[in-house]
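Written below as structure tokens is the structure these notes are about.
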2 protein chains.
Amino acid sequence: MPGKTILASTIAKPFVEQLKSSIESNHLTPKLVGFLANTDAAAEKYAEWTAKTCAETGVTFELRQVDKTVLEDEIIVANQDPKVHGILVYYPVFGDRQDQYLQNVVSPKKDVEGLCHLYCYNMYHNIRFLDDQLTQKCIIPCTPLAIIKVLEHVGVYNRVLAYGNRLHGRTITVINRSEVVGRPLAALLANDGAKVYSVDIHNVLEFHRGEGIKLKKHEVCETSLAMEDVVSRSDVVITGVPTPSYKLPTKLLKDGVIAINFSTFKNFEEDIKERASIYVPSVGKVTVAMLQRNLLRLYDYLQQGQQT
Amino acid sequence: MPGKTILASTIAKPFVEQLKSSIESNHLTPKLVGFLANTDAAAEKYAEWTAKTCAETGVTFELRQVDKTVLEDEIIVANQDPKVHGILVYYPVFGDRQDQYLQNVVSPKKDVEGLCHLYCYNMYHNIRFLDDQLTQKCIIPCTPLAIIKVLEHVGVYNRVLAYGNRLHGRTITVINRSEVVGRPLAALLANDGAKVYSVDIHNVLEFHRGEGIKLKKHEVCETSLAMEDVVSRSDVVITGVPTPSYKLPTKLLKDGVIAINFSTFKNFEEDIKERASIYVPSVGKVTVAMLQRNLLRLYDYLQQGQQT
């Protein structure tokens with residue numbers, strides 16, 4: 001009686017269909033530009049997936065292969081081009097810091113990845129709308145957003161609770177604290193009410209909104225806990241360790257755990273389904289769907305801006 | 001007949017005196033807040049130096065030692081406090097990416113380090129003023145700015161040429177391409193008209209404004225040159241390699257070269273002055289003076305903002 005595997009394609013499907021139908025029925029003409037300035041195999045694969053999903057939904061996708069020395073100028077050209085509604089850069093280009101600089105060169109009006117400072121800051125501070133009238137939702141980084149959609153799909157979000165608090169009572173471990181996925185994800189889940197253990201090679205931090213989720217946004221506390229301690233008490237364990245050799249021992253997990261892996265490598269052991277109730281081996285296809293969902297949102301905001 | 005050593009303290013002195021005199025005679029009350037959230041020895045030393053120089057010039061300096069889990073909230077408190085005119089964070093706190101996020105949490109109105117995206121973007125794009133009336137100069141990151149002041153002091157900037165082009169004709173090598181010092185420095189020098197070779201462990205890039213400095217801002221070109229090739233043809237060689245074992249061989253340098261080291265380790269060999277006309281072994285004290293120069297500039301902008 002093993003647990004159930006749920007594939008990213010299954011989770012992505014309704015989103016892709018909804019995107020397609022929305023584009024068709026409203027005669028939308030969103031255009032996404034992707035910049036590829038490296039020869040990273042994972043980036044090229046991500047570009048292929050983007051093209052494929054865009055073809056399915058009806059988004060015009062243009063892949064621009066540019067030299068990295070002119071990438072910044074090319075982003076600025078796309079920022080200023082009214083025919084372009086979304087901009088995506090396939091990282092890594094230079095490496096950490098200069099890439100993070102580039103993330104802020106992309107205009108927030110076209111930042112489908114949600115990586116510019118405005119969106120990151122709002123996300124960490126649990127600010128969900130761009131405007132005071134609460135009409136324009138903030139853009140959430142694609143992979144953390146995809147994982148939230150996975151958690152909604154597998155029933156971790158409790159719809160009986162109020163929007164914004166639907167993870168209250170859940171304990172979730174995230175093994176990865178990168179600035180692109182792990183840390184924003186831990187913050188998002190804690191902002192939605194979960195108690196989150198954020199694990200990296202140095203330590204375990206706890207992200208939470210306090211007893212009775214009384215805080216408006218999460219706080220971060222240092223703990224003296226080890227990964228083994230927190231994994232065993234977690235309802236959901238989410239892994240993103242970027243090394244092929246890393247395997248989280250199944251025996252550490254709570255029986256009936258929900259196991260989600262967003263690393264390109266399999267971070268759970270072969271026998272994971274003997275312990276897990278639900279296993280999601282990857283999230284990439286949901287990420288690409290979220291990219292387009294962000295694009296349609298920005299397309300809508302751009303249209304609204306032109307009308308006023 | 002060895003070359004001349006010029007100490008950072010000598011270069012910093014007129015700046016420190018000018019800051020002091022300006023604060024005294026105009027009855028200015030600038031307050032700088034420094035956040036120390038680590039136990040890094042270099043950061044602690046930098047904090048000590050800041051305190052010492054502030055005491056000399058008359059800047060009120062408050063060092064706030066905070067836990068890194070609350071640093072972001074504390075920065076936001078200081079952003080909103082009208083009694084605080086400048087904010088400085090002693091990095092590293094978390095490591096690259098999260099630290100870069102924090103750099104953007106500091107308000108541009110109080111960013112004495114010049115590390116937020118607005119100032120970095122303007123610097124790379126050779127945008128020198130914040131306003132269309134050209135009254136408010138942009139803030140330049142402290143260490144690159146300090147090195148420019150060193151270059152002015154030692155006569156590399158040619159005052160006969162127009163402001164903005166005073167390095168035309170100079171060839172400068174910068175060995176370090178970090179996002180905090182090496183890359184911005186290469187861009188600044190190229191924007192001022194120099195041909196700059198930017199060296200890191202991967203390659204050598206050339207930053208320049210083109211033949212006859214015809215471009216408005218620098219462009220970056222890949223080269224197939226090696227460090228040895230570019231060092232030998234450089235009028236100025238600036239090193240910032242953060243390892244004690246690294247020594248740039250003196251024999252590679254052009255006779256009469258100007259040698260400047262901004263690493264905390266000595267990157268030039270003991271015999272450097274047998275080849276160099278001028279040797280500047282460190283720049284830290286100039287950096288601290290520039291920090292306060294930036295503070296006074298922001299103080300002035302804040303006062304202007306209150307008057308309008």
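Letters A, B, ... are given to chains in the order of the sequence lines, protein chains preceding strands, and every chain is numbered from 1.
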Check each atom of His125(B) against the heavy atoms of chain A and say whether the ones under 4.5 Å are side chain, backbone, both or neither. side chain
Interchain contact, Arg183(B) with chain A, by part (heavy-atom threshold 4.5 Å):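 Contact with chain A involves the side chain of Arg183(B) alone.
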Heavy-atom cut-off 4.5 Å, strictly under: side chain, backbone, both or neither for Val70(A) against chain B?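 Val70(A) has no heavy atom closer than 4.5 Å to chain B.
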Is it the side chain or the backbone of Glu72(A) that comes within 4.5 Å of chain B heavy atoms, both, or neither? side chain
Any chance CG of Leu134(B) has more than 12 other-residue heavy atoms, nucleotides or ligands included, within less than 6.0 Å? yes
Give a yes or no on this: more than 12 heavy atoms of other residues, nucleotides or ligands lie within 6.0 Å of atom CD of Glu228(B).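 Above 12, so yes.
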Taking the side chain as everything from C-beta on, heavy atoms only, tell me whether Lys68(A) gets closer than 4.5 Å to Val220(B).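 Lys68(A) vs Val220(B): side chains apart.
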Rounded to the nearest 0.5 Å, how far apart are CD of Gln98(A) and CD of Gln100(B)?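 Going from CD on Gln98(A) over to CD on Gln100(B), the span is 10.0 Å.
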If every non-hydrogen atom of Tyr101(B) is compared with every non-hydrogen atom of Glu179(A), which pair is closest and at what distance? CB-OE2, 3.5 Å
Locate the shortest heavy-atom distance separating Asp73(B) from Lys217(A); write the atom from each residue and the value. OD1-NZ, 3.2 Å
CA sep, side-chain torsions, deciding dist, call: Asp99(B), Arg97(A), side chain to side chain contact (heavy atoms under 4.5 Å, CB included): CA-CA 10 Å; Asp99(B) 286 2; Arg97(A) 288 195 161 231; 3.9 Å; yes
Starting from the C-alpha separation in whole Å, work towards a yes-or-no answer on side chain to side chain contact (heavy atoms under 4.5 Å, CB included) for Glu222(B) and Thr69(A). CA-CA 8 Å; Glu222(B) 287 173 359; Thr69(A) 55; 4.0 Å; yes
Counting heavy-atom pairs under 4.5 Å with chain A, which one of Asp67(B), Ile76(B), Asn104(B) comes out on top? Asn104(B)
